[in-house]
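Below is one structure, written out as structure tokens; comments come after it.
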Amino acid sequence: MSRPAIVSLLWKDLGVLESFVRDNPRTRVFAAQGSEDPELVSAIAAAGGELLPLHGLLFAHDVTRAKAKAMARVARLETFFGGEEWARYSSDHGWPEERLGVLVTRRAQTDLPEIATALAALDRIDSLHALRLVIVNEDWTPRCRAVVLWANEHGVPSLHLGHSLDLCDPYTAHGRVMSTTMAVFGDRGTEPYLDADADMFAPRIRVTGNPAWDSYPQVVQERETIRAELAATHGCSLSLPWVMFATTWTTNQTAFTEENVYGSTLRQFLTACKALVDADRQICIVIKDRVPNQAFGRVRLAEIVSELGLDPDHVTYTLDDIEKWVVAVDVVVSVFSNVSVEALLASTPAINLVTTMDGALGPPFDADSGIVEAEGHELAAALEKILSDDDYRDRLREQMRQAAPRYNLGFDGSATARVVELMEELALPADGRRRPLQTLIARISAGWSAIVSLVGGRL
Amino acid sequence: MTHAAIESAGLTRLNDRVESDHLLAGVAGPKVIAVDYEAVRSSLSLARRGCSITAVGSSPSSLDALRELTEEAPVEPKLGDAHRLPAGDEAYDSLLSLDLVRPSLDWPGTLVEWARVVRPGGRLVFDVPVLACGDLVAEADRQGLVVVDVVPYGAFLAGGDVGHALPVAGKFWWGRLLSWLATDDRLFEFALFLEQELVARLVGAVTGRHLAVLERRRDPRQNEMWLRARDDVSDLTAREITLVSLGPHLRISTAEFTSRLNAHVRVSLRNFTFLHGLCQGLALSDIRVDLASFLETDVMARLEDWSQRLRLDRNVTSQARGWLTAPAAGKSMRLYGVSLGDALEYYLVEDLLTQGYGHFSGIRS
């Protein structure tokens, strides 16, 4: 009998793989990420399984062949886009014939080789194992989407385990999820999809909680220790309130985002801090940046700090330990972000700095979440109220405690267990028997989703 | 707290205020009888202004609920039935009811009983769902009553038959936005302005819920005039609504109306979002509004900018998915038995927005 296997394109929540293997020994996990981590490899081995790279069964010539196939498809596309059928078709639809053809071809040149290699790997894994499940952190980016499409085509269940709680409408490419099942963190996470198409999504969505937040119930108990530890490491004064800004970034996936949102929101935050400092409110300013921003983040920060005349010694820049910072600081400010949700879970007062996104793509938070919302010009006053009004802070914390289960099921440290339970429920039998019905449903699902997305808008 | 409860808190605040204001405007005199829980709740604002309220409950337990509701307010609970009131003839200046009249009930019979306890010149104020104004006037004539007004309210804002008017109702994102009515005074004042200065000036077609004010006085001629004026408003909503066509029906000048409307929209991003949501809903409903006649240049430009972005999103999404529907394109993209065109969608959207339409420069800062 073939050895059971699962395929993972998770780039976070890798702990679910170890837990799954513990319940399903002998499982081979073929993973796009994680196999380079000796600790995880050992842990999965200790659990009775094996962690291998996604491409682990491919030889060099397999990869070469896959990439050659991809480039042959690109050549076909070029021919197609240069032909009369496309000219007619694009004209009928009012599309820019040449521009769209060029962009699709370029995109195929960039993405197809990697996609083809992944699919070659899946074919190989499938031929040698009883492939039970495919799990991804999102199914929009090219390789993840391709793996999900492959799984659907082959009757292998696919699970989209969101890497964040979706706070906004599923705009543009996000409007379709091809995975057979979606795991979201809380009821709030179901709302954008139910708004988009309740009939389509409701049967496919399961609420599990976020495995990445399983540590919060424990971490919040250690607030004082963590605060002291961070103070020692970063030189923040324990006697001052800590005000943290979690930076943002634009994916340029919707016309509603602004490319300067990183700098503009950072400037709004620091301007508010300057107003507090000028009013004799002493604070410790923490900028929690994202790793992709680090190349210019420090430079941009230094420029703005200098322009505003803030003391750079009072500003801490960090890329790490988001959980610890969320728990340790006195106020978290972020932009349409899951960091606000983490603050909510930690009962740390939080401000959502609103931008056009908040209006155009659906308000991220409701009035009962306990999360304060402020526009840039209102931020200083909002911060001051939180820092100076004990009763107000307590009310916000109480609201957050009440709201927490809506944003993250349970908040009991058991999301990993729930996700693993769902994986086991979805996975094919360990002998690899396919379910024809499941294949059919997956294909109908994907087809219906495509039709709806072509004819429908936000409403 | 559930999503429904969250949305409801905001709507309840607005609904209470709208109902209270309409009741205040509708009643005649200080002696009031309120014949159901909702009416008693809304009449508390009258009690605070010196009215004496008799609160009718149909059972001992409902009387307990009324006592709990009214606490220290000067309200006298009485056991009784809305169709056989515990009151003598002509004992009150006004009667209030907010939850009793339904088309399926014998509402003409109910009106007879209600009119009995109100003095000549006194008023009956009650909410009604969709009801033909002609029927109401005919019954008023028959019973010696004058229709003072039938005010639409609730609409898309405050817990009326929300599905009636705008397709955004029932969407979670709209509910999250409405939830802020409970705490955001700027949003609340904007919504209240729309309710009082716009919705209340229109007809039931936009709400599905009305507050009727009838006076105990016989005057069929006035009823006929009222009905004719009502027909004019119905005609208004049957065509595209413009500032010019709406003007005669407003209770404030068109200049003041637009000035206040635009000021409300400008005051916060959330208020602008509210307007945007309403416009999205209107665009999908049967109600046609010439927005440009109501909105000042900067507000209209911003609204158009959002609409343009929305169209661009839809356009690029349609292209990023649609090219694959060309039959030969689908064949070109088949690899390892899988049609892979959909896998290119994500970055193709960004490519289209950036290189295709120049919406982004590609440089983030």
Side-chain angles (χ1 to χ4, degrees), chain A residues 69-70 73 76-77 80 85-86 89 93 95 99-100 103-104 107-108 111 115-116 119-120 123 140-142 145-146 149-150 153 169 171-173 175 178 187 191 194-195 250 252-256 259-260 262-263 354 358-360 362-363 365-368 375 402-403 406 450 453-454 457 459, chain B residues 1 3 6 9-10 167-168 171-173 176-177 179-180 182-184 268-270 272-273 276 280 284 306 309 312-314 316-323 326 328-329 332-333 335-340 342-356 359-361 363-365:
Chain A
K69 280 187 183 179
R73 295 299 180 280
R76 270 202 217 173
L77 267 185
F80 166 71
E85 183 194 332
W86 172 244
Y89 199 78
H93 287 80
W95 297 332
R99 185 172 57 190
L100 180 54
L103 291 176
V104 172
R107 181 46 53 201
D111 294 340
I115 287 173
L119 297 196
D123 268 3
W140 301 294
T141 49
R145 169 61 60 83
L149 290 171
W150 181 96
E153 192 70 29
D169 289 355
Y171 51 84
T172 62
M178 303 289 196
D187 284 340
E191 292 176 4
L194 298 181
D195 272 352
T250 172
N252 287 0
Q253 284 283 321
T254 162
F256 283 102
E259 285 183 298
N260 67 350
Y262 178 89
V354 299
D358 293 72
F365 300 106
D366 55 72
D368 278 315
E375 295 181 45
Q402 299 273 340
R406 206 167 94 74
S453 67
L454 276 174
L459 295 169
Chain B
M1 189 178 265
H3 174 86
I6 288 164
V168 291
K171 295 285 183 185
F172 286 103
W173 69 267
R176 286 197 300 279
L177 182 59
S179 77
W180 291 95
T183 57
D184 180 347
S268 72
L269 179 61
R270 187 176 290 138
F272 181 80
T273 303
H276 184 246
Q280 279 188 291
L284 294 168
W306 280 31
R309 291 178 196 234
L312 183 55
D313 273 0
R314 286 178 179 163
V316 298
T317 306
S318 154
Q319 290 182 41
R321 293 173 188 172
W323 68 271
S332 300
M333 287 303 292
L335 195 57
Y336 292 94
V338 183
S339 181
L340 290 170
D342 288 328
L344 304 184
E345 180 185 345
Y346 186 79
Y347 290 116
L348 190 54
V349 165
E350 185 180 348
D351 294 342
L352 281 162
L353 286 168
T354 307
Q355 300 165 47
H359 185 79
F360 296 123
S361 68
I363 301 167
R364 296 165 170 95
S365 59

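In what follows, every heavy atom counts, from backbone to side chain, and hydrogens, waters and symmetry copies are set aside. Chain A is the first sequence line, chain B the second, and so forth, proteins listed ahead of strands; every chain is numbered from 1.
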Side chain, backbone, both or neither: which part of [X] has an atom under 4.5 Å from a heavy atom of chain B?
| X | answer |
| --- | --- |
| A/E85 | side chain |
| A/Y89 | side chain |
| A/R73 | both |
| A/F80 | side chain |
| A/L103 | both |
| A/D187 | neither |

Apply side-chain hydrogen bond (donor to acceptor under 3.5 Å, both in side chains) to the pair B/S365 and A/N260, showing each step before the final yes or no.
CA-CA 5 Å; B/S365 59; A/N260 67 350; 5.5 Å; no
Pick one of side chain, backbone, both or neither for [X], based on which atoms fall under 4.5 Å of a heavy atom in chain A.
| X | result |
| --- | --- |
| B/L348 | both |
| B/S339 | backbone |
| B/L353 | side chain |

Taking side chain as C-beta onward, heavy atoms only, is B/L352 less than 4.5 Å from A/L100?
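The answer is yes, as the side chains (C-beta and beyond) meet within the 4.5 Å cut-off.
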When A/A108, A/A120, A/G263, A/A146 are compared by non-hydrogen pairs under 4.5 Å with chain B, the top option:
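So the answer, after comparing A/A108, A/A120, A/G263, A/A146, is A/A120.
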Please identify each residue that fulfils salt bridge (charged side-chain N to carboxylate O under 4.0 Å, His left out) with A/D358, with sequence neighbours left out.
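Here no residue qualifies.
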Assess the side chains of A/E259 and A/N252: does a donor N or O sit below 3.5 Å from an acceptor N or O?
yes
